Asks: 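Attaching a single structure in structure tokens format; questions to follow.
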Amino acid sequence: MARLVFLGRLEDVAGADEITLPLAAPTPLDAVVAQLPAALARALGDPRIRVAVNGALVAGPALIAPGDELAFLPPVSGG
Amino acid sequence: MARLVFLGRLEDVAGADEITLPLAAPTPLDAVVAQLPAALARALGDPRIRVAVNGALVAGPALIAPGDELAFLPPVSGG
Amino acid sequence: MRVVRLLDTALDPAAELARFAAAHAGAGGLVSFLGQVRGGEGIEALDLRHFPPLTLPGIEALADSASARWRLDGIAILHRIGEMPPAAPIVLVAAAARHRRDAFSAVDYAMDHLKSDSWFWKREKRDGAWRWIEPRAEDGADLARWAPVT
Amino acid sequence: MRVVRLLDTALDPAAELARFAAAHAGAGGLVSFLGQVRGGEGIEALDLRHFPPLTLPGIEALADSASARWRLDGIAILHRIGEMPPAAPIVLVAAAARHRRDAFSAVDYAMDHLKSDSWFWKREKRDGAWRWIEPRAEDGADLARWAPVT
């Protein structure tokens, strides 16, 4: 299992602010995303979206392990 | 009579924040100042000092009438 | 005094400022910014979301960076999260300094970064419908006013 | 809301700010500056003198000029006169605006002019002796930041 957290407008696309996904072994981030519904996977492909694994921002390809929390952070709202 | 008001450090030079001066007829400002003690008259000669007659700033030579209030305003303190 | 807080209940700016001013009674100058939920245009509520692992640490780093750039006696950054009605206080930033220019700059800098470079997502409720607020074009310009410290 | 006052008794910044914020609940942003009597260096008291026919009208003109230069919803300038102990509030300037940059600029502008271009004379009591405070070299530079409106 991995926990996926969606911030901002991604919550509306995902239909929930978080979901859990079955995950039996360490899996590349893009393979995790590929398991999601097409519209959500497409939204998460926006290059402006930052990803945090267990609360720390990651850059580039990441390996997601069972038990990880994966957060998707779209651009902040500005002011 | 005319009332002379001294602001800021001029109060210390004059020894009071205001004094009254006998004045029987309209008198030019510099003639009024010339009647004052020498040290005070000299301090009032500082070109940075502004003069207000009856609460309004005057520029250049002014005629002081009996009953007028004459205020001497040195540079303000800044900050 | 360095105060950084995220609040999920009402922010009382007058009480917070009184406390901050009392703690910096000899500072000379104290600048503050208070942001409130805008009214009008059918706005019924504002909802501010954050990401706990990053939002508060990010604001703490912002307070430290403002303190490093200017000579401050103290800085306070208090930010609401959650749902708020129009006119509710959202954010209070205060800086105390011997020289007022330092306090003005620090608060201005902190606000530009809070607004455009902090982990907050906002949505507005208008006429019964929630809508997420997107970044604005000016945000980059606001941040570009502050050259990186090298 | 346009508030301009000279006070010969204690200024309560928290109460004044709360009132001003309540009057501008929909403004979006509210910037304030609070100046307090500096402590330390043997300072026992500050005495602020004014010239009634010019001082308050000058500050009223300053509030009008700030309101003309920036888009403000309101401005408040409250200034103490008389003798004050260290840490006492001397001046409170607040501006409310839809856009925070307007409020920052208006308060900064008002403070530069209050400090260097208003009819106040200050003397400090240190170690029992009063001494008048002279203008500083920086004051002209502070004012020169604000180009005249043509």
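Per chain, numbering begins at 1; letters A, B, ... match sequence-line order. Here the structure is a predicted model, which is why all the values come from computation and not from measurement.
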Asks: For residues C/V31 and D/M111, determine if any side-chain heavy atom of one lies less than 4.5 Å from a side-chain heavy atom of the other.
Replies: no
Asks: Name the option with the most non-hydrogen atom pairs under 4.5 Å to chain D; the candidates are C/A27, C/P89, C/A21, C/G40.
Replies: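 Looking at each of C/A27, C/P89, C/A21, C/G40 in turn, C/A21 comes out on top.
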Asks: Among residues 101-109 of chain C, which residues come closer than 4.5 Å to chain D, judged by heavy atom distances?
Replies: C/R101, C/F104, C/V107, C/D108
Asks: What part of C/D112 is in contact with chain D, defined as an atom under 4.5 angstrom from a non-hydrogen atom: side chain, backbone, both or neither?
Replies: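 Contact with chain D involves both backbone and side-chain atoms of C/D112.
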Asks: Look at C/G35, C/S32, C/A96, C/P86 and state which one has the largest set of heavy-atom pairs under 4.5 Å with chain D.
Replies: C/S32
Asks: How close do C/A18 and D/A14 get, heavy atom to heavy atom, and via which atoms?
Replies: CB-CB, 3.9 Å
Asks: Is it the backbone or the side chain of C/R145 that comes under 4.5 Å from a heavy atom of chain D, or both, or neither?
Replies: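 Side chain of C/R145 only, per the 4.5 Å heavy-atom cut-off to chain D.
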Asks: Tell me whether C/R71 at atom CZ has more than 12 heavy atoms from other residues, nucleotides or ligands lying less than 6.0 Å away.
Replies: no
Asks: For each of C/G28, C/A15, C/A22, tally heavy-atom pairs with chain D at distances under 4.5 Å, and name the one with the top tally.
Replies: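 Most heavy-atom pairs within the cutoff with chain D belong to C/G28.
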Asks: Which heavy atom of C/Q36 sits nearest a heavy atom of D/H24, and at what distance?
Replies: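 The pair with the smallest heavy-atom distance is OE1-O, 2.9 Å.
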Asks: Identify which part of D/L17 has an atom lying under 4.5 Å from any heavy atom of chain C, answering side chain, backbone, both or neither.
Replies: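 D/L17 touches chain C through side-chain heavy atoms alone.
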Asks: Please state whether the side chain, the backbone, both or neither of C/A94 comes within less than 4.5 Å of a heavy atom of chain D.
Replies: neither
Asks: Quick one: closest heavy-atom pair of D/R98 and C/R38, and the distance?
Replies: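 Here D/R98 and C/R38 meet closest at O-NH2, 2.8 Å.
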